[in-house]
Structure formats: structure tokens, C-alpha cells
Amino acid sequence: MIDKASAHDRGRIPQRIVKPEVSPPTRPNLGDYDAVRAAFSWERERERLAGLPGGGLNIAHEAVDRHLGSARAERTAIRWIGRSGARREFSYLALAAATSRFANALRSLGVQPGERVFVLMGRVPELYVAVLGALKAGCVVAPLFSAFGPEPIATRCEMGDARVLVTTPELYRRKVAGLRERLQGLRHVVLVGDDAADGPGVHRWSTLVDAASPTPSTAATTSETMALLHFTSGTTGRPKGAIHVHGAVLAHAVTGRYALDLHDADVFWCTADPGWVTGTSYGIIAPLVAGVTNVVVEAEFDAPTWYGVLQDEHVNVWYTAPTAIRMMMKIGADAARGHDLSALRFMASVGEPLNPEAVVWGIEAFGLPFHDNWWQTETGGIMVSNYAAMDIKPGSMGKPLPGITAGIVRRSAAGHVEQVTAPGVDGELALRTPWPSMMRGYLGEDERYRKCFADGWYLTGDLAHVDADGYFWFVGRADDVIKSAGHLIGPFEVESALLEHPAVAEAGVIGVPDPTVGEVVKAFVALKPGFEPSEALNRELLGHARKRLGAAVAPKAIAFRARLPTTRSGKIMRRLLKARELGLPEGDLSTLESDER
Ligand code: ATP
Ligand code: MG
């Protein structure tokens, strides 16, 4: 049973959160991990998809049109909540018509299957229609985050050979028009909004789409047809463009069922923006494939708004990220307690390590633990996860998805790897190839793509270990690991220990070169409201970390910051903390969101 009392007791993080043996009212889809894993076959799962009438596969068909023959047709597919409280709902039927119209509108412009459609918008309903409609037309969709500046937008459009750009008049004016010269391949711009005007190569959404037929005619795509182009978060360097195919929808379906435990008639909310892979795989595709109601919130993070959405929309399954959870923790659990969150059944988190403190805080604030899961832009879908019916070990990312074999490997000479089978030993997290949502290339970087694979493994670039019970533990990104006096130190462990201290809201840890020990650990810390930086607090935090971690691993220095630099997808940019500490070039900052200065 989940022990609320011990969760309140700061610093006493339980080793294991035991899931109830008695079936809860909604039985988890994955009841017995080992049994489901043993019986799992991708081929059988493929039979649960509809497929195209001619035998092909198309993500948008699985997400929308396949539901039309069932009771789901009238169900709300997308429930949109606008910034100013406006609401729009699309049933599956209405979404099918709208997306077919957009697909036909693209055809009317002469846009061919395989051509790239870039989408640059806030989370407005047209974004969802454009993504799904373009997939129906057989085009390749590249969703861009709307807060990008002109240069990152132009670079990505150039790299991806954008043929069509769907955006708003304001974003177009401010960010694209000035660089249009550079984008020779960009033939059509579709503008969403009342103030949009037609012009040469510029089309008003309403005129274009209203004139198009709602008759479905999904392109004859197959599981290997290119479908999506997603740029990585740029946490470790210049973002890469990962290529995904329509076959990925199989992984979205399976992870929606097992990792997110989506049930028929659920209300689901994924807080990620579709400009990042999570916001597309789980903010659009997986919930619609599962036939649930997908809540879309236009506004950015704001704790009162979020609690309001969870309560008022009766959200059953909520998928969010550690940065947001830490921001909610910053203002305290009382804010949650003032709301009726009884509809919530399952909460999951992705994108960064989820500190044990945050898992347990979920119980304090919501009566439910957060379920961490791990994946990357390159993997296309959730790969390692904590499941509804499986005990949680706070701090662990869980176990590999049924159908996925994960291992810990060490790179050896000449491009080979060796698997580390002993429990508790750190190495690189690797996945056995292939799986349906595995990336099929890095745009324009074949060599870099090839280097991600060796001896039948995909090498993730993250370090982890696996314990004797088969739970995976994240150590850090290979690039971020600190080598100090013969120890390999993962920043996550140090950051988690700091986050246990009541004053600490966020922590980022780096290695600073040192002539004696190689590197020394330095921590950057942002404080919770009500705490001020001081010498005394600095000493207290150093002492706390030493007590928790031992002298070899604890930071030798702590610097206070108002906030830490993060990517727009919410990841702490340790490389930037390090570059600034060492006075080195800052590198690609196209995805930098908040900054310390
Ligand atoms: P880039 O590859 O450009 O540096 P990125 O790796 O941050 O950017 P994403 O694909 O958005 O781009 O993020 C995937 C990475 O996020 C993972 O490789 C891992 O480092 C981190 N991550 C995701 N989920 C988790 C998790 N549950 N625990 C720990 N780390 C996670
Ligand atoms: Mg990466």
C-alpha cells in the first residue's frame, strides 16, 4: 500500500512503493509485468491496428479515421482550452473531416507525398489538424516550437527542406518573412488566424481549408514511409533531426496502453508542446490511437491553471515533466489539496531524471506517485517505464517496455560493445534493434546515425545501471559524467541529494577540471521562495550533501543562481553551466529557454 505518512516525512524516501494487490476499480492494462513481457509479440500487436484498406499503415488513419465505425466516433477527441478560457471540442468525426480537408487542401496546392510540412504555432486546434492532415496526405511533418527565434526556424526549415509552412500571421511577420529569401524550397505558407491575408505563395487557412473536400483519401503510406521529423532538445549540443516512419504508431499504441495505462473513455492530458517529440507522440498520436479524450491546454505552465485543468476536466491520466513537478513542489502541496483531483488515476513523468523526492511528493500532493519513464527523440516512444501495477523504486526509471530489450553496455575497440550483465555496474544504456518507432536516420548526418549502432544495439548516450530486480537507474548523460579521484559521478545522484534539502528548488551539477583529482564536483542551486542565498546556507548544503553522499561524491562548491539555464523542453543545460564556469564558447543556444542571468 502507498504509505502517505512516510511520504510526508522529508528525507525518508521509501525504497519501494508497493502497489496494491487488490485490483483497483480500473484494472491496469499491464497487470503482471513478467507475464505480459513473456507473451509479447510486435506482430500480434500489429494485428490490433486497423491498417489502411490497401494493406499500408498511416499514423493519422490509426489516430482518427479508424474510430469512425465505432461508438468512439461521437466522443470528444480533442478538448482545447484556450489561453483566455475559450474552449473548442472536436469529436473523432469532426477531427476526421477537418484533417481530410487539410490533406485535400495540400493536394490542391500540388503538394506531393513525401514533401515536408513544417508547423510553427502555439497549441491551437489548427496545429493538431495540420499535423494529422499532413500525415494523411503522406507528407512528412516537422513540428517546430513556436517560441523559437527566426534563426533556429530558418536553419531547421533549410535542413529539412520545408515545402509548406503552417503558422500564424504574427509568427510569420516576426520570424519568417525576413528570412524567406533563404528558404528557396518553401513554396506555400498557410496562415491561421482572422487577420491572415492571401498573397503569392501565402494562403489563408480558412479560405484554403473550407474550400477543400472532407472526403477521406489517405495516402498509401506503409510502415516504412517517412512520417515525422523531430529535432532533439539540444541539451548536449547542436540539435539533430531524427527521422521517424508511420510504423512508429505501433509503439505509440503499445506504450499508450501499457506505459500510460490509457483506458477507453479516459480523459488524458500530456503537458508537452508538440514542438518536442513528447508533445507529438503523446500529445497527439498515442491518446488518439487509444480513442480517449485528449486535453490540449494552450497556456504555458502556471500552477493554479494546471490544478484547475486537472480538476475541471476530470483528467484521469496525466503525463508531465520533472521541471513542472519541481515548480509545483516549489509552491507546496497545499495548492493541490484545495482541488478535487479524485478523477486522477495515473501520473507519469518524462524528459529528465525524476528525483525520488518528486515521486514521493506526488503521494503527498495527489495521493498518487509519479511514474517515471525514459525515452528520447531517437526512440520515438517510451522505452523504459514504471507501470501502474508494478512497484516503484523511487529514483528508478522502471523496466523496459514489453517488446524492448534494454541492456547496459561498454564500448570497446573498433566500434564494438560488450554487455555488462552484473547488477549495479554503470555503463551505457542500449536497446536491441530494431523496434517500430526507432529513428530511421539523422537528417543529413548519416555518419552520426551509423555511430549510434553497434553489434545489434542502439547506443543511447545515457549512462545507467540495472539492479538485481531488473529496474533501470539513470546515472547521467555520458557527456555529463564527472570523473573525480578515480570515481565516476553521475550528476543526477548529486542533484537528487541536494533536492532533498527543503531550501533547494533546482540543482545542476558539473565537473570542474582540477589538477589533482581530475575534476571536482560543483553544484548550481536555485532556492525555493522564502530562502535567501547566504554563507550559512551554502555551508549547510555542503554539509547536507556530504552526509548524504560521502566526501568523494559530494560537491566541493555550491553557487546560488536565481534560476538554472534550461532548454525549452525543460532540461537543465549542464553544458552551458560548464561552458560559463570555464569561460568556454557557449555553443548552440537555439533551444535555450530560461537563463540564469
Ligand atoms: P540532444 O540530444 O540534442 O542533446 P536531448 O537528448 O535532451 O537533446 P531529447 O531527445 O528531447 O533531447 O531528450 C532525451 C534525453 O532526455 C534522454 O537521452 C535522457 O538524457 C533524458 N531523459 C529523458 N527521460 C528521462 C528520464 N526519465 N530520466 C532521465 N533522463 C531522461
Ligand atoms: Mg539526446
Side-chain angles (χ1 to χ4, degrees), residues 143 145 152 156 228-242 244 255 259 272-283 319-326 347-356 358-359 370-386 392-401 406 428-431 437-439 442-443 445 448-449 451-452 458-465 471-481 490-493 495-496 565-576 587-593:
F145 190 60
R156 285 163 179 74
L228 288 156
L229 182 57
H230 270 298
F231 292 89
T232 60
S233 293
T235 316
T236 54
R238 189 169 50 79
K240 297 146 273 188
H244 287 287
T255 49
D273 188 274
W276 311 109
V277 73
T278 308
T280 300
S281 292
Y282 297 99
Y319 194 21
T320 189
T323 352
I325 298 169
R326 286 197 293 265
M347 311 196 300
S349 162
V350 71
E352 273 215 299
L354 185 65
N355 315 89
V359 176
F370 282 102
H371 294 76
D372 187 21
N373 58 53
W374 175 97
W375 59 291
Q376 314 176 300
T377 308
E378 291 86 340
T379 70
I382 298 167
M383 295 283 113
V384 179
S385 184
N386 284 287
I392 295 177
K393 297 192 187 187
S396 160
M397 9 192 233
K399 296 190 182 185
L401 184 79
E428 188 165 358
L429 177 62
L431 306 167
S437 60
M438 187 178 90
M439 67 161 167
Y442 278 138
L443 196 66
E445 299 187 275
R448 196 171 192 182
Y449 177 71
K451 282 196 175 143
C452 296
Y458 162 70
L459 307 168
T460 67
D462 284 344
L463 299 186
H465 60 254
Y471 282 74
F472 282 71
W473 299 77
F474 183 81
V475 173
R477 292 162 180 270
D479 290 6
D480 289 342
V481 164
F492 173 46
E493 188 186 3
E495 289 161 10
S496 279
T566 58
T567 66
R568 292 188 183 280
S569 57
K571 296 165 201 281
I572 296 172
M573 272 175 144
R574 295 175 192 82
R575 70 166 159 104
L576 191 55
D588 184 301
L589 297 184
S590 63
T591 60
L592 179 65
E593 156 86 57

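Both ligands and their constituent atoms are indexed starting at 1 by order of listing. Sequential numbering from 1 along the given sequence is applied to the chain's residues.
- Shortest contact from atom 29 (C) of ligand 1 to any protein heavy atom: Pro353 N, 3.2 Å.
- A side-chain donor-acceptor contact under 3.5 Å links Thr232 to the backbone of Lys240.
- Protein heavy atom in closest approach to atom 25 (C) of ligand 1: Trp374 CD1, 3.5 Å.
- Taking only nitrogen or oxygen atoms, main chain and side chain alike, Val350 does not reach within less than 3.5 Å of ligand 1.
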Note to self: Thr235 vs Ser233, test: side chain to side chain donor-acceptor pair (under 3.5 Å). Steps then yes/no.
What the structure shows: CA-CA 5 Å; Thr235 316; Ser233 293; 4.6 Å; no
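- The shortest N/O to N/O separation between Asp372 and ligand 1 falls below 3.5 Å.
- Within the 3.5 Å criterion, the main-chain N or O of Gln376 finds a donor-acceptor partner in the side chain of Thr379.
- Between Gly351 and ligand 1, at least one pair of N/O atoms sits closer than 3.5 Å.
- Between Ser569 and ligand 1, no N or O atom pair is found at a separation short of 3.5 Å.
- Ranking the protein heavy atoms by distance from atom 7 (O) of ligand 1 puts Thr235 OG1, 2.4 Å first.
- Relative orientation of the Tyr282 and Trp375 rings is perpendicular, given thresholds of 30° and 60° on the angle between their planes.
- If you check which protein heavy atom lies closest to atom 15 (C) of ligand 1, you get Arg477 NH2, 3.5 Å.
- Nearest-residue assignment for atom 19 (C) of ligand 1 (options Asp462, Thr236, Thr460, Thr278; heavy-atom criterion): Asp462.
- For atom 9 (P) of ligand 1, the nearest protein heavy atom (residue, atom name, distance) is Thr377 OG1, 3.4 Å.
- Ranking protein heavy atoms by distance to atom 11 (O) of ligand 1, first place goes to Ser233 OG, 2.7 Å.
- For ligand 1, one of its N or O atoms has an N or O atom of Lys240 under 3.5 Å away.
- Side-chain N or O atoms of His244 include one that pairs as donor or acceptor with a backbone N or O of Ser437 at under 3.5 Å.
- With respect to atom 26 (C) of ligand 1, the closest heavy atom belonging to the protein is Glu352 O, 3.4 Å.
- For atom 13 (O) of ligand 1, the nearest protein heavy atom (residue, atom name, distance) is Lys571 NZ, 2.9 Å.
- Remark: the backbone N or O of Ala259 is not paired with any side-chain donor or acceptor of Thr255 at under 3.5 angstrom.
- A cation-pi arrangement, defined by a distance under 6.0 Å to the six-membered ring centre and an angle within 45 degrees of its axis, is present between Arg156 and Phe231.
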